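Note sheet for the following structure.
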There are 2 protein chains.
Amino acid sequence: MSSVTINDVARHAGVSKKTVSRVINNEINVSAETRTKVMAVIHQLGFKRNPLGMALAKNRSLFIALLADNPSPGYLQKLQKGILQCCSEEHMGLFLYDCSYRSPTLVHEIEEFIDNTLADGLILVPPLSDKQELLDMLQRKRVRYIRIGPKDQDSGDCVSFNGVKAAYEMTQYLLRLHHKDIAFVLGHPDQESSHRCERGFRNAIADAGITLNEQLIVQGYYTHQSGVDAAATLLSRTPRPTAILAANDEMAVGVLYEAHRRGIKIPAELSVCGIDDISLTTKVWPNLTSMRQPINAIGYRAAFKLIKKLKGETAAGNDSGADIFDCELIVRESTSQPGR
Amino acid sequence: MSSVTINDVARHAGVSKKTVSRVINNEINVSAETRTKVMAVIHQLGFKRNPLGMALAKNRSLFIALLADNPSPGYLQKLQKGILQCCSEEHMGLFLYDCSYRSPTLVHEIEEFIDNTLADGLILVPPLSDKQELLDMLQRKRVRYIRIGPKDQDSGDCVSFNGVKAAYEMTQYLLRLHHKDIAFVLGHPDQESSHRCERGFRNAIADAGITLNEQLIVQGYYTHQSGVDAAATLLSRTPRPTAILAANDEMAVGVLYEAHRRGIKIPAELSVCGIDDISLTTKVWPNLTSMRQPINAIGYRAAFKLIKKLKGETAAGNDSGADIFDCELIVRESTSQPGR
DNA sequence: ATGCAAATTGACACCGGTGTCAATTTGCAT
DNA sequence: ATGCAAATTGACACCGGTGTCAATTTGCAT
């Protein structure tokens, strides 16, 4: 390796390596003259701090990791993209770890992962965000984390999405189209986001003065197949719903599939819509109407908060902005007035 | 941190820390007695080697990273899964880095990424696998890498997929169904895999004794939209092809979309198929016939080779097995005899 | 010029490991 | 018992940084 060390810089600048360290870390108590001189040498030699040496000395690796187990690959992919963008800007590496929510040794596996990488910051994706046993372990190991979409949105260390509003507004949109029999496909019961969407849906129906037919709410699990299954149930009901809203796009695409299979015309005979706005929405036919969740921004924000936390900069001023993101209705081809 | 260090183990076992180091690294020249004693203490205290200390002393981080810029998210996702599985088994962390093939500062960005993470092993995904400028930089920095699907498949440090055979067999399948006017959507011209598929397609047509209509080969770029555009071109030709084979599934799904939009019945009026077998194939309607590329296995294998290389174990014996994976035809709902 | 607090700087030890090399112990032939 | 090569072990320096604390320098009031 031809890498330049802090010692090289110190020698060239005629100062001690501790002083160089002070300059690198932007510490106070370095004279302007010294700082300028050292900075010049740093640029001249192309010095870059070795993150391993730093990590060992400070006992903080500044590495962060994304822990994921999410049934919707499109969601994860967008989230990952947002996180990576922030990491890239902040010159941080991102470790990835795939885990299985159902694994009985989950917490142990994650602990081992942390020992292997020494990551000291984690981004938790639902349903991991609410696994108390995991959070306890992280606390014990003093590993920082930011949770995405946890149950208690008020804890400072999380970023979420206003799922109630998303489902509420999507339902309102369907009502404006004059749909009466609107069905709803729930997400996984372990994930709070599913309950939030359900609340939004129920509120919208209630606020419209309609008595909800409980038969039109069916269980799903956020997976494509559960969307297919839910649609199979709903589409054999009489009267058939004229619109189906699914708690995520992955399931909505499943609904689309089952409807096609039965020869039901979309949107003429059935409106279908989802929530999230993953890339899948513009790949299927017809393109899926969805509620855009700014997944990219959520990922970016989560990474940003985590990194600031690790670097010890308190999220002050304009940084402590809203961490509950709003949705946006994206009307595409899969919804219309009944019969059109 | 309550972590146990090598010093703690040494003290408890009554040996020097160098001896403990020898035991950890499975070096020879440690008496059986000492080894047993030290191992006992290691288990008793729950000692785990600190990867940072090791990395600093050995000047090898043993961290690996996946560098990706691929237009098909489904492909990348499956690859990632295979890589992660291997990393998990080998107790290695995986860094992720998203880059843009087109960025003029690509090589510099990647160099910076390596400096920030000290990854000393990389997995390169096409089209990065063939970027000579990048490979040179890695050579210079002595960063090891494994390439996926490079142009020169014979270099030992790569894992690929038999694209010629995949396209050849898929075309044969369509010919067996008695299709005559079979169209082909090319992938990105910068990626060798596209050329390989084209060769397979041409060979199959030639071997069947058919004169190829060059009008039926259109350019694509491996993206969904390029599939839509290619289909728009192909489906307005007279006579219209009765089957379209795309060089990847992402584009095939685009073809499906455009055909639906035009009210063309699939597969009755048009057979559509792709290559890769990404998860998207079973989400769209009708489910897409595809050539399964063992993407998971490819990712796993790439990670395995890289890790072995880093650990210095020469891939000997049964390990040096075939690194060109074969395809498998998966017939689903999007193909049939013409007119059925 | 003098005194003193604050600012600046560097010597040294340390983070948790490994490499080098010399010292000690072991095993075996004589 | 003796000699000698091979096996085993540990002292010490080092990888590239940072923390502590004491020494030196600076800036200002007197």
Side-chain angles (χ1 to χ4, degrees), chain A residues 1-39 41-42 45-63 114-118 120 142 310-312, chain B residues 1-39 41-42 45-63 114-118 120 142 310-312:
Chain A
M1 282 295 200
S2 61
S3 63
V4 181
T5 74
I6 210 171
N7 282 299
D8 301 327
V9 176
R11 203 171 325 113
H12 280 255
V15 298
S16 73
K17 62 179 191 170
K18 177 62 203 181
T19 296
V20 177
S21 169
R22 288 197 179 91
V23 172
I24 298 168
N25 289 289
N26 249 308
E27 287 178 25
I28 54 170
N29 286 344
V30 179
S31 72
E33 191 192 5
T34 306
R35 188 181 300 273
T36 310
K37 186 172 59 183
V38 171
M39 287 300 276
V41 176
I42 284 177
L45 300 184
F47 167 79
K48 295 214 152 195
R49 172 168 69 180
N50 182 320
L52 298 182
M54 188 274 283
L56 194 57
K58 288 197 164 177
N59 196 21
R60 332 226 48 225
S61 74
L62 287 189
F63 289 147
I114 294 172
D115 288 338
N116 287 331
T117 59
L118 290 190
D120 50 24
R142 299 208 190 127
L310 288 182
K311 291 189 176 167
Chain B
M1 281 297 198
S2 60
S3 63
V4 181
T5 74
I6 210 171
N7 282 299
D8 301 327
V9 175
R11 202 171 328 111
H12 279 256
V15 299
S16 73
K17 62 180 190 168
K18 178 62 203 179
T19 296
V20 177
S21 170
R22 288 196 179 93
V23 173
I24 298 168
N25 289 288
N26 248 309
E27 287 177 24
I28 53 170
N29 286 345
V30 178
S31 72
E33 190 193 6
T34 306
R35 187 181 301 274
T36 309
K37 186 172 60 184
V38 171
M39 288 299 278
V41 176
I42 285 177
L45 299 184
F47 167 80
K48 295 215 155 195
R49 171 167 71 180
N50 182 321
L52 298 181
M54 189 273 284
L56 195 57
K58 288 198 163 177
N59 196 21
R60 331 226 49 227
S61 75
L62 288 189
F63 289 150
I114 294 172
D115 288 339
N116 286 333
T117 59
L118 291 191
D120 50 23
R142 297 206 193 130
L310 288 181
K311 292 190 176 168

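It should be emphasised that the depicted structure is a prediction, and the values quoted were computed from it without experimental measurement.
Between the side chain of B:T36 and the backbone N or O of B:A32 there is at least one donor-acceptor pair closer than 3.5 Å. Listed for the A:R60 side chain is no donor-acceptor partner under 3.5 Å among the backbone atoms of A:D120.
A:K17 has its NZ atom 13 Å from the P atom of C:dG10, to the nearest Å. A straight line from NZ of A:K37 to P of C:dG10 spans 8 Å, rounded to a whole angstrom. A straight line from CD1 of B:I6 to C1' of C:dG16 spans 8 Å, rounded to a whole angstrom. Taking atom CD1 of residue A:I28 and atom P of nucleotide C:dA7, one finds them 8 Å apart after rounding to whole Å. Atom CG in A:L56 sits about 10 Å away from atom C1' in D:dT18, given to the nearest Å. C:dG16 atom P lies 15 Å from atom CZ of A:R60, rounded to whole Å. In this structure, B:E27 atom CD and C:dG19 atom C1' are separated by 9 Å, rounded to whole Å.
Across all strands shown, A:N50 has heavy atoms under 4.0 Å from sugar-phosphate atoms exclusively, and none from any base. Across all strands shown, B:K58 has heavy atoms under 4.0 Å from sugar-phosphate atoms exclusively, and none from any base. Using a 4.0 Å heavy-atom cutoff across all strands shown, A:R49 reaches sugar-phosphate atoms only and no base atom. Nucleic acid contact class of B:N7 (heavy atoms, under 4.0 Å, all strands): none.
Nearest nucleotide to the side chain of B:R22, out of D:dT18, C:dT20, C:dG16: C:dT20. If you check C:dT18, C:dA11, D:dG10 against the side chain of B:V15, the one that comes closest is D:dG10.
Contact annotation: A:T19 reaches the phosphate of C:dG10 (side-chain N/O to OP1 or OP2, under 4.0 Å). Between B:T34 and D:dT8, a side-chain N or O to OP1/OP2 separation shorter than 4.0 Å is absent. Phosphate proximity of D:dT8 to B:N29: present, with a side-chain N or O under 4.0 Å from OP1 or OP2. Between A:S21 and D:dT18, a side-chain N or O to OP1/OP2 separation shorter than 4.0 Å is present. A sub-4.0 Å separation between OP1 or OP2 of D:dG16 and a side-chain N or O of A:T5 is absent.
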Represent DNA chain C in dot-bracket notation, 5' to 3'. Only Watson-Crick or G-U wobble pairs with both distances under 3.5 Å count; pseudoknot-style crossings use [ ] and interstrand partners use |.
-> ||||||||||||||||||||||||||||||
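Between B:V23 and B:M39, some side-chain heavy-atom pair lies under the 4.5 Å cut-off. Counting heavy atoms from C-beta outward, A:R11 and A:D8 have side chains that approach closer than 4.5 Å.
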